[in-house]
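All values below come from the heavy atoms of this structure, side chains included, with hydrogens, waters and symmetry mates left out.
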There are 2 protein chains.
Amino acid sequence: MEQLFELFFRNGLRPLSLLDGAAELESKMNRSELAALLTIRYRGRLTMSELATELGAPLSTVTSLAQRLVRKGWIERTRSDADQRVYWVRLTDEGKAIGDRAYATMSVWFERVQAALTPKELEQFLALALKVGKALQQDKGAKEKPAAGKEKLSRIRIDD
Amino acid sequence: MEQLFELFFRNGLRPLSLLDGAAELESKMNRSELAALLTIRYRGRLTMSELATELGAPLSTVTSLAQRLVRKGWIERTRSDADQRVYWVRLTDEGKAIGDRAYATMSVWFERVQAALTPKELEQFLALALKVGKALQQDKGAKEKPAAGKEKLSRIRIDD
DNA sequence: GCCTAATACTACGAAATCGTATTAATAATC
DNA sequence: GATTATTAATACGATTTCGTAGTATTAGGC
C-alpha cells in the first residue's frame, strides 16, 4: 500500500514522470507539449478551454502553449462559427505525423503492460482502474450517487 | 490495447488537484512544493539529488525549490559530515505541521477510492496496479547512453 | 430590444522551471 | 600523493507557467 501510495503521488503530481525513454521525443518538445499533442490527437479537435481542463492547466498557460505549437506548425486554431469566442484546436498534418510517432513510442509501454498481465488480469485491471478513475474525477462537492458504475466485479486469481 | 490507451488518456495526463478544496493550503503552496513536502515527509530525510529523482525534476529546479522552502521555514538543509558535497533535507517542525495537514486533506482521495470499490476489489486493484507499475518501470533494452544531463528517474520499489 | 451577467479567450508581468556551465568535494588510477 | 575522473550541488540566462486584469462575444432577465 505504501508503494502504491508513492506511485500514485508521483504520477498524480507529475504525470509522465514515470515514463522515461521518451528521450527522442523530448528533444523536440517538452512534457506539456507532448501532453497537449497526445490529447489533441486523441480528441480530434477541442476548444482552448477543453484543452486546458484536459491538461489540468490554467487557460492562460494553454494560450501560450498553443501559440508555441502553432509556431511549430503542429496545430491550427480556427474560430468557431457558432460562437465567436471559441477557437477550435486541431493537429496539422505535421502535427499528426509527430503525434503518431509519439504514440508509437508510447505504445511500447502499453505492450509491456499487456505482456506482464494475463488477459484476465488485464481485463480486470481495466475495469477496476476505470472505476477508480471515475471515483477520482468526481467533483468533491458533489454528494456522490453511488449507483452507476457499482456493479460488482468477479474476483480473479492474480499470478505473481 | 485501445482500452489501455483510453485509460491512460483519461487519467494519466492530467495532474490531480490534490489539495482541491483546501483553499487555505492551496494558497500557501504550489504543486511542486506540495510534492516536495510530501516526499520529504514520507522519506524522513534525503539528499538534494534524491529529492530531484523522487520528484522527477532536474536538480537545478530542485535547488531553487529547496531555497523557497527554506525561506518559508518548512525545511532545513544541513551539510553532510560524511560527504561535504551532499546536503540533507528534512522538514522543520513547521514543515511537519503543514505536511500533516496536507496529507490529511489528501487522504480524501484514498477514501474515495475505497468507497468506490469493495474490499475485495480494492485488494485486487492494488495487486494489479503494482504489477502494472512494475512493468512500466522495467528498463527496456538499455541501448541509450544516459545522454548527458538527463536526470535518471528513481524507481519505486515494488515487492511481490 | 436593452442592460447586466457569464463565458471564452488573450495580455502582461511575476514567479517557477529547465538546460548548461561552473564550483567544490570525493573517488579512482597510476 | 599527485592527477584525473566523477559526483553533488549551485549559478545563471532563457523559456515556460501562472495569476490577474482586460476584451470581446453570447446568454439571461425584464
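For A:R45, the side chain to side chain donor-acceptor pair (under 3.5 Å) criterion is met by no residue, not counting sequence neighbours. With sequence neighbours left out, B:T39 forms a side chain to side chain donor-acceptor pair (under 3.5 Å) with no residue at all.
Inter-axis angle, ends of the helix from C:dG1-D:dC30 to C:dC30-D:dG1, five pairs per end, rounded to 10 degrees: 40°.
What separates CG of B:L59 from P of C:dG19 is a distance of 12 Å, to the nearest Å. Rounded to whole angstrom, the span from the CD atom of B:E54 across to the P atom of D:dA8 amounts to 15 Å. Rounded to an integer number of Å, the gap from CG of B:L55 to C1' of C:dC18 is 14 Å. The distance between atom CD of A:E50 and atom C1' of C:dT7, rounded to the nearest whole Å, is 13 Å. The interatomic distance linking B:L69 (CG) with C:dA16 (P) rounds to 10 Å, in whole Å. A:L51 places its CG atom 14 Å from the P atom of C:dA8, with the value rounded to the nearest Å. D:dA8 atom C1' lies 10 Å from atom OH of B:Y87, rounded to whole Å. At whole-Å resolution of the value, CG in A:L46 and P in C:dC9 are 10 Å apart.
Paired with B:P58 under the rule side-chain contact (heavy atoms from CB on, under 4.5 Å), one option of B:V62, B:L55, B:T61 passes, and it is B:T61.
Taking every heavy atom of both residues into account, A:K28 and A:K72 meet most closely at O-NZ, 3.1 Å. The heavy-atom pair separating A:I40 from A:R90 by the smallest distance is CG2-CA, 3.9 Å.
If you find the closest nucleotide of DNA chain D to A:A82 and to B:D83, the one lying nearer the 5' end belongs to B:D83.
A:R77 places a side-chain heavy atom less than 4.5 Å from the side chain of A:M48.
Counting only residues at least two apart or on different chains, the salt bridge (Lys or Arg N to Asp or Glu O under 4.0 Å) pairs with a member in residues 46-67 of chain A are A:R43-A:E50, A:R43-A:E54. Evaluation of the ring pair (Phe, Tyr, Trp, His ring centres under 6.0 Å) test over residues 47-75 of chain A, restricted to residues two or more places apart or in two chains, returns none.
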At under 4.0 Å between heavy atoms, which parts of nucleotides 12-24 of chain D does protein reach? Answer with one letter per nucleotide, 5' to 3': B base, S sugar-phosphate only, - none. ----SBBBB---B
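When the side-chain nitrogen and oxygen atoms of A:Q67 are compared with OP1 and OP2 of C:dA11, one or more of them lie within a distance under 4.0 Å.
Taken from CG in A:L51 to OH in A:Y87, the straight-line distance is 15.5 Å, to the nearest 0.5 Å.
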